[in-house]
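When reading the values below, keep in mind they use all heavy atoms of this one structure, side chains included, and skip hydrogens, waters and symmetry mates. Every number for a ligand or one of its atoms is a count from 1 in the order of the listing.
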Amino acid sequence: MMKISIIGAGYVGLTTGVAFAEHDFNVVCVDKIKKKVENLNMGIPPFYEQGLNRMLKKLVNKGLIKGSTELEKNVKNSDVSFICVGTPSLPDGSIGLEYVKDAAKEIGKALKEKKDYHLVVVKSTVIPLTTEKIVLPLIEKYSKKKIGKKFGVCMNPEFLREGNALNDALHPDRIVVGEYDKKSGDTLMKLYKNFKCRKMRTNLRTAEMIKYASNSFLATKISYANEMANICEKFGVDVYDVMKGVGLDKRIAPYFLNAGCGFGGSCFKKDISAIVAASKSKKYKPKLLEKVLDMNETQPFQLIRMAESVLGNLKNKKIALLGLSFKPDTDDVRETRALLIAKKLLKKGVKIVAYDPKAMENFKNLINGIDYAKNAKDALKDADACIIQSDWKEFKELKTEDFKRMRKQIVVDGRRTFEPEILLRNGIIYRGIGWRNENSQHKK
Ligand SMILES: NC(=O)c1ccc[n+]([C@@H]2O[C@H](COP(=O)([O-])OP(=O)(O)OC[C@H]3O[C@@H](n4cnc5c(N)ncnc54)[C@H](O)[C@@H]3O)[C@@H](O)[C@H]2O)c1
C-alpha cells in the first residue's frame, strides 16, 4: 500500500487526506501551522465541514491519518506527495505562486536522499505551464535528480465544493490526471483505483486548464443567471420560473442557475482573476470573463437598492444581516458578499445586527462596528428590515411569527430563501433578487 504525504492541511489538503485514509492509505498531512497540526492530531479539523469532524476522529484513532510540521521526513517516508498549498491572488489579480514554489523546493530537498521512486502531484490550482515550467524544474534542481526514473510529476486538479467537501472528495464527479509521463500517471491512477467515477488522463497543462475552464464556466453561469434576474425584475417576471424552463434544455442543464447576490468563496474570483491576468500577459484580453467578475462585484448592492426602495434613506435604520459565510454549511468567509453588503450599509449609517450559524468568529476578523445576535430570531428583533445573504437551513425554517418581532416586516432575500408568495400572504413585505418586486402588477 502506497504511503501519502500531503503538503498543506487546508480545505483541499485535509479533505483529500481524509478521503485517501478512508480508502485505507496511510496519510500524513504536513502544515506549517503548528496549532492546525496539533488539532488535527486530536481529530479536530481547522474549519467547519459537515461530517468531517467525525470521520477525521475515526481515522486519527485508527492511525490512518496524522498531522505533522515536518515536511522533509514525511516526504521521504512516503511514496506520493500532494501539493495542496494556497495560490492566492497578487494585488494585480495574477496568481501568487510563492507557497507552491516553497513546497516544490522543500520536496526537492527531501527527495535528494530518497532512493525509491516518488510521485509529486500538484493539486493546488495553478495556471497552465506552472507544473512543467516551475514545479518540475525546482524539484530537479533541489533533488539533483532528473525526472523520469527517480521521480514523476502529475497535475490533479481539485473540484470539491466547500459545504460538501467531504462528500465531493469521497465521491467525485470526475478525476482528471495530468501526467508528465505514463509512469507518473499509472502511479496516480493506482491511488484512485477504488474511486468510482469517470477518469480522464491528459497532459499537465491541459489538466491545469481544465480547472480554470470549469471555474470560469460555473462563474459565468452564475453571473448570467444574475443578469437575467435583474432583467426579469424589470419585466415583473420571476427568474426562478424562467430558469426552471431554461434548465429543461438538455444542452443547458438545470444546475447552477440560481440567481442571487453574487458568488463568493476562495476560488471563483481568485481563479478567474488569475486566468484573466495570465491571458493578458499573453496579449489576449478575456472580455467575457472580465464582465463576469464586474457583474459579481455590483450584484450584492441590488439588495441595498431593494431595501431602500421600501425604507427610503437607510440612515439609523436597524438591519438584520443573516448569513455571513459565502454560502451555507461552511464557516468560510473568503470573498463573502456579506462583507461588501455590510461595508456599504455601515457607510449609509445603518445599525447592523448580524447572525450566522458558523461564520461569526471569522467575520469578526474582517470588519468592526457590527453587533451580533445569538440566533436568527434574535437578529430580527426590532429590525427595520432583514437582508439574507446566504440561505442556511436555519433561515429557511423561520416562521411568519418570527418576522413579527421586527419593527417593520421587510425581507430582502439575496438567495430566494423563502417562497415569496407565502411571506406576502402573511403581510410581510418581500423583495428579492429576480423576484417581481415592485412589478408584481405584471403577474398575469
Ligand atoms: N477551497 C476550495 O474549495 C478549493 C477547491 C478546489 C481547489 N482549491 C485550490 O487548492 C489550493 C489550496 O486551497 P485551500 O482552500 O485548501 O487553501 P488553505 O489556505 O485552506 O490551505 C493551505 C494550507 O497550506 C499550508 N501551507 C502553505 N505552505 C506550506 C508549506 N510550504 N508547507 C506546509 N504547509 C504549507 C497553509 O498553512 C494552509 O494551512 C488552492 O490552490 C485553491 O485554489 C481550493
Side-chain angles (χ1 to χ4, degrees), residues 5-19 28-40 45-49 52 67-75 81-90 94-110 120-127 130-131 134-135 138-139 142 155-169 172-176 207-208 210-212 214-216 218-219 263-275 325-327 329-336 362:
S5 55
I6 292 188
I7 319 305
Y11 285 87
V12 169
L14 184 58
T15 35
T16 302
V18 165
V28 179
C29 289
V30 178
D31 205 287
K32 287 197 286 202
I33 303 171
K34 207 166 155 228
K35 185 92 195 118
K36 243 185 204 183
V37 167
E38 284 169 358
N39 280 338
L40 201 159
F47 48 84
Y48 171 75
E49 197 59 57
L52 185 59
S68 172
T69 50
E70 293 174 279
L71 188 144
E72 193 171 332
K73 183 180 113 190
N74 286 296
V75 168
S81 300
F82 283 85
I83 299 179
C84 297
V85 298
T87 45
S89 282
L90 296 178
S94 63
I95 190 167
L97 285 174
E98 57 174 315
Y99 301 122
V100 171
K101 286 183 190 164
D102 278 354
K105 270 185 216 166
E106 290 175 61
I107 291 172
K109 283 182 201 161
V120 181
V121 183
V122 177
K123 211 175 219 323
S124 299
T125 303
V126 292
I127 289 291
T130 304
T131 304
I134 295 174
V135 175
L138 280 171
I139 301 172
Y142 285 87
M155 200 285 149
N156 173 218
E158 178 55 55
F159 302 106
L160 66 79
R161 295 162 295 171
E162 284 179 29
N164 202 37
L166 185 57
N167 193 42
D168 285 347
D173 274 351
R174 85 285 214 194
I175 291 169
V176 173
E208 290 165 328
I210 287 172
K211 175 67 188 171
Y212 283 98
S214 298
N215 273 0
S216 296
L218 293 173
F263 55 78
S266 65
C267 289
F268 283 174
K269 181 173 172 186
K270 166 177 86 70
D271 293 348
I272 292 160
S273 304
I275 199 70
S325 53
F326 79 95
K327 67 173 179 183
D329 302 322
T330 174
D331 60 358
D332 194 346
V333 294
R334 290 180 286 184
E335 291 297 332
T336 174
N362 287 342

Can you tell me how far apart CG (Leu218) and CG (Asp271) are? Round to the nearest 0.5 Å. 11.0 Å

Quick one: look at Val126 and ligand 1, take heavy-atom pairs under 4.0 Å, and tell me if it's side chain, backbone, both or neither. neither

Report yes if some heavy atom in the side chain of Leu52 is under 4.5 Å from a heavy atom in the side chain of Tyr11; otherwise report no. no

Relative to ligand 1, is Cys267 under 4.0 angstrom through side chain, backbone, both or neither, heavy atoms considered? side chain

May I ask which of Gly265, Pro88, Gly163, Gly10 has a heavy atom nearer to atom 18 (P) of ligand 1 than the others do? Gly10

Side chains of Ser81 and Glu106, heavy atoms from C-beta outward: is any pair under 4.5 Å? no

Ligand 1 to Lys270 polar contact by distance, N or O atoms, under 3.5 Å: yes

Per-atom contacts, ligand 1 versus Val30 - under 4.0 Å to a heavy atom: 33 (C), 34 (N)

Tell me whether Glu335 contacts the main-chain N or O of Lys269 through its side chain, where contact means a donor paired with an acceptor under 3.5 Å. no

Look only at interatomic distance and state if Phe159 has a nitrogen or oxygen under 3.5 Å from any nitrogen or oxygen of ligand 1. no

Does any N or O in the side chain of Asn156 come within less than 3.5 Å of the main-chain N or O of Val176, such that one atom is a donor and the other an acceptor? yes

Check: Asn362 and Asp332 side chains under 4.5 Å, non-hydrogen atoms: no

To which protein heavy atom is atom 6 (C) of ligand 1 closest, and what is the distance rounded to 0.1 Å? Glu158 O, 3.2 Å

What atoms of ligand 1 come closer than 4.0 angstrom to any heavy atom of Ile33? 37 (O)

Is there a donor in the side chain of Thr130 and an acceptor in the side chain of Glu208, or the other way round, less than 3.5 Å apart? no

Val30, Val28, Ile7 screened by side chain to side chain contact (heavy atoms under 4.5 Å, CB included) with Val75, the one that passes: Ile7

When you compare ligand 1 with Asp31, is there at least one nitrogen or oxygen pair between them that comes in under 3.5 angstrom? yes

Tell me: protein heavy atom nearest atom 7 (C) of ligand 1, and distance? Thr125 OG1, 3.5 Å

So, the side chain of Glu49 versus the backbone of Asn164: is there a donor-acceptor pair under 3.5 Å, distance only? yes

Would you mind finding which of Thr15, Val85, Thr87 brings a heavy atom closest to atom 11 (C) of ligand 1? Val85

Nearest to atom 31 (N) of ligand 1, what protein heavy atom do you find, and at what distance? Glu106 OE2, 3.7 Å

Does only the side chain of Ser124 get under 4.0 Å from ligand 1, or the backbone, or both, or neither? Count heavy atoms. both

Under a 3.5 Å distance rule, please check whether Ser124 uses its side chain to pair with a backbone N or O of Thr87 as donor and acceptor. no

Ligand 1 contact on Lys36 by region, counting heavy-atom pairs under 4.0 Å: side chain

Quick check: does Glu162 get an N/O under 3.5 Å from an N/O on ligand 1? yes

Mark up the atoms of ligand 1 that fall under 4.0 Å of a heavy atom belonging to Cys84, in ascending order. 12 (C), 22 (C)

In the protein, what heavy atom is nearest to atom 30 (C) of ligand 1, and what distance, to one decimal place, separates them? Lys32 CG, 3.6 Å

What protein heavy atom sits nearest atom 24 (O) of ligand 1, and how far off is it? Gly8 CA, 3.2 Å

Would you mind telling me which of Lys211, Arg174, Lys123 makes a salt bridge (Lys or Arg N to Asp or Glu O under 4.0 Å) with Glu158? Lys123

Are Tyr99 and Lys32 side-chain neighbours, meaning at least one heavy-atom pair lies under 4.5 Å? yes

Heavy atom of the protein closest to atom 19 (O) of ligand 1 (residue, atom name, distance): Arg334 NH1, 3.9 Å

Taking only non-hydrogen atoms of Gly86 and a 4.0 Å limit, the atoms of ligand 1 in range are 22 (C)

Which of the atoms of ligand 1 are close to Tyr11, meaning less than 4.0 Å from one of its heavy atoms? 1 (N), 15 (O), 16 (O), 20 (O)

With the side chain counted from C-beta on, respond yes when Lys327 and Arg161 share a heavy-atom pair under 4.5 Å apart, and no when they do not. yes

shortest atom 13 (O) of ligand 1-to-protein heavy-atom contact is with Val12 CG2, 4.1 Å

Looking at ligand 1, does any of its N/O atoms fall within less than 3.5 Å of an N/O of Asp271? no

